[in-house]
Novice: 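I'd like to ask you about the structure that follows.
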Amino acid sequence: MAIFEGLSSRLQETFQRLRGKGKLTEDDVKEAMREVRLALLEADVNFKVVKQFVEKVRERAIGQEVLKSLTPGQQVIKIVNDELTELMGGTQSRIAQAAKPPTVVMMVGLQGAGKTTTTGKLANLLKKQNRYPLLVAGDIYRPAAIKQLQVLGEQVKTSVFSLGDQVSPVEIAKQAVEHAKMHGFDYVLIDTAGRLHVDEALMDELKQIRDAVQPEEILLVVDAMTGQDAVNVAENFHQQLGITGTILTKLDGDTRGGAALSIRAVTGTPVKFAGMGEKLDALEPFHPDRMASRILGMGDVLSLIEKAQETIDQEKAQEASKRMMSGEFSLEDFLEQMQQLKKMGPLQDILGMLPGLGNNKALKNVNIDDKQIGRVEAIIRSMTPKERLDPKVMNASRRRRIAAGSGTTVQDVNRLLNQFAEMQRMMKQLPGLAKRMNKKKGKKGLGGFKLPF
Ligand SMILES: Nc1nc2c(ncn2[C@@H]2O[C@H](COP(=O)(O)OP(=O)(O)OP(=O)(O)O)[C@@H](O)[C@H]2O)c(=O)[nH]1
């Protein structure tokens, strides 16, 4: 299930109807706004937030310039997109940086929200930005918490500061900051204790830690899947402790989106990061604009590009695309592309970010299996370099050898080679196709263009 799926498909249906109309009347806008309101309420967005949101959009949408414009439907979509972005904070809110390092960050939240895991993920993210974080085991009550943080620390190759479970969390936090100063760490991430509910003892302890170490950031970790409960928890923590931002975890499993859309408006504090999976690299900076276009089904093209840039070796990609255009694309290139794709994460996730595919019903039934990619990889790896460059040399006995070597069948090998031949044939036609397309400028784009598999 894609994130925000319910909301996304309802809004898209509404806008589909608007787009079909040449001119909009005030009644059309009213009707659409009624549906937007229902869609947001169904997505578990706070009702006050919904009311204000719809009011703002309506005011802008019935303004003269929209009704008279040539593409009123699109104008309304743009307004909704703008306002959704605004609702989630407008622009990305980055993690603070102390004028004089280390930057002290307190991680707070209820049990089960994913606080300890997220602390590890944040260290991982900071390290990628060439920071030098210190993890601090400040949850001395949950028996496994210290060990969990130590394991995470090993995984992300980051030091963990612990004084066991017999020293008070306030003392641990103080000593950790001293330790960080002495050893040149530039971020101190303090994992604090959680409780099942917000209670006085928990808040007292957190306040004491806050007063002792004066953190630049108090980040509240909340589980996005709990919807309005997460928003209430945030309001509560903010009133009592004063948080500087939130991290929404498990957004990958959030099909509704209520917390993501309301938490900023209700607490007045920004969402800084979003947890998108259990793995340690699955924490992303929260981009309100990209989130809005994802909800509206325009695809999160920017996120995708960023992801691709992180992993794909630009030069290699350019070389491959040159060869592709000249029809010299080999199985070697094919394998290379496959590996690059794999680095980007599960194919299903990537396709979900593409415009128009996020809610594609047919796609949902197609199970894109990463194992299949693994099989293709194994087959190509079992070929000799010569075979990869010139698949024509692969006779029946070579094919049998490759199947045995890759643990597949001759049919699998044949299928791959046929697909590859088909792809090569298509690529040879590409330069010509591009020329023809340019001539027809203004007409349809690559309408019927399909990948071979
Ligand atoms: N799918 C998904 N799972 C997550 C995400 N973040 C955390 N989790 C999972 O949530 C579960 C709880 O995480 P913990 O870090 O142990 O959370 P916690 O109970 O808040 O930790 P304490 O507060 O220290 O008790 C773990 O199984 C995590 O793998 C996320 O963004 N997506």
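All ligand and atom numbering here is 1-based and tracks the order in the structure.
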Novice: Nearest heavy-atom pair of Phe53 and Leu84: which atoms, and what distance?
Specialist: CE1-N, 3.5 Å

Novice: Any side-chain to backbone donor/acceptor pair from Thr409 onto Asp412? Under 3.5 Å, distance only.
Specialist: yes

Novice: When you look for heavy atoms under 4.0 Å from ligand 1, do you find them on the side chain of Asp139, its backbone, both, or neither?
Specialist: side chain

Novice: Which of parallel (below 30°), tilted (30 to 60°) and perpendicular (above 60°) describes Tyr132 and Phe185?
Specialist: parallel

Novice: To the nearest 0.1 Å, how far is atom 27 (O) of ligand 1 from its closest protein heavy atom, and which atom is that?
Specialist: Glu278 OE1, 3.7 Å

Novice: Would you indicate whether Arg94, at its atom CZ, is surrounded by more than 12 heavy atoms from other residues, nucleotides or ligands within a distance under 6.0 Å?
Specialist: no

Novice: Of Arg195, Glu284, Lys121, which has the heavy atom at the shortest distance from atom 6 (N) of ligand 1?
Specialist: Lys121

Novice: Under a 4.0 Å heavy-atom limit, does Asp252 contact ligand 1 with its side chain, its backbone, both, or neither?
Specialist: side chain

Novice: Taking only non-hydrogen atoms of Gly277, do any sit less than 4.0 angstrom from ligand 1?
Specialist: yes

Novice: Which atoms of ligand 1 are found less than 4.0 Å from any heavy atom of Gly275?
Specialist: 31 (O)

Novice: Test your reading of the structure: does Ala145 have an N or O sitting under 3.5 Å from an N or O of ligand 1?
Specialist: no

Novice: Pick one of side chain, backbone, both or neither for how Leu283 approaches ligand 1, counting any non-hydrogen atom pair under 4.0 Å.
Specialist: neither

Novice: Answer yes or no: does an N/O atom from Gln148 fall short of 3.5 Å to an N/O atom of ligand 1?
Specialist: yes

Novice: Would you name the heavy atoms of Val80 and Leu296 that are closest together and state the gap between them?
Specialist: CG1-CD2, 4.2 Å

Novice: Consider every N or O of Gln111 and every N or O of ligand 1, then say whether any pair is closer than 3.5 Å.
Specialist: no

Novice: Could you tell me whether Arg210 atom CZ has more than 12 heavy atoms of other residues or ligands within 6.0 Å of it?
Specialist: yes

Novice: Just heavy atoms, cut-off under 4.0 Å: does Met276 contact ligand 1 by side chain, backbone, both, or neither?
Specialist: backbone

Novice: May I ask whether Ala113 has any heavy atom positioned less than 4.0 angstrom from an atom of ligand 1?
Specialist: yes

Novice: Using a 3.5 Å cut-off on N or O atoms only, is Thr117 in polar contact with ligand 1?
Specialist: yes

Novice: Does Leu110 come within less than 4.0 Å of ligand 1, judged by its heavy atoms?
Specialist: yes

Novice: Hey, does the side chain of Thr249 reach the backbone of Gly275 with a donor-acceptor pair shorter than 3.5 angstrom?
Specialist: no

Novice: Say whether Gly112 and ligand 1 are in contact under the criterion: heavy-atom distance to a ligand atom below 4.0 Å.
Specialist: yes

Novice: Can you confirm, on distance only, whether ligand 1 has an N/O atom lying under 3.5 Å from any N/O atom belonging to Gly114?
Specialist: yes

Novice: Do ligand 1 and Thr116 have nitrogen or oxygen atoms that lie under 3.5 Å from each other?
Specialist: yes

Novice: At their closest point, which heavy atom of Asp191 faces which heavy atom of Lys115, and how far apart are they?
Specialist: OD1-CG, 3.4 Å

Novice: Do you know the tightest heavy-atom contact between Ile190 and Ala173?
Specialist: CD1-CB, 3.9 Å

Novice: Which residue and atom name correspond to the protein heavy atom nearest atom 23 (O) of ligand 1, and how close is it?
Specialist: Lys115 NZ, 2.6 Å

Novice: Is it true that, when you exclude Gln129 itself, more than 12 heavy atoms of the residues, nucleotides or ligands shown sit nearer than 6.0 Å to its CD?
Specialist: yes

Novice: Side chain, backbone, both or neither: which part of Arg142 has a heavy atom under 4.0 Å from ligand 1?
Specialist: side chain

Novice: Counting heavy atoms not belonging to Lys207, are there more than 12 under 6.0 Å from its NZ?
Specialist: yes

Novice: Show your reasoning for whether salt bridge (Lys or Arg N to Asp or Glu O under 4.0 Å) applies to Asp28 and Arg17.
Specialist: CA-CA 10 Å; Asp28 291 332; Arg17 280 197 288 276; over 6 Å; no

Novice: I need the nearest protein heavy-atom contact for atom 4 (C) of ligand 1: residue, atom name and distance, please.
Specialist: Lys250 CG, 3.6 Å

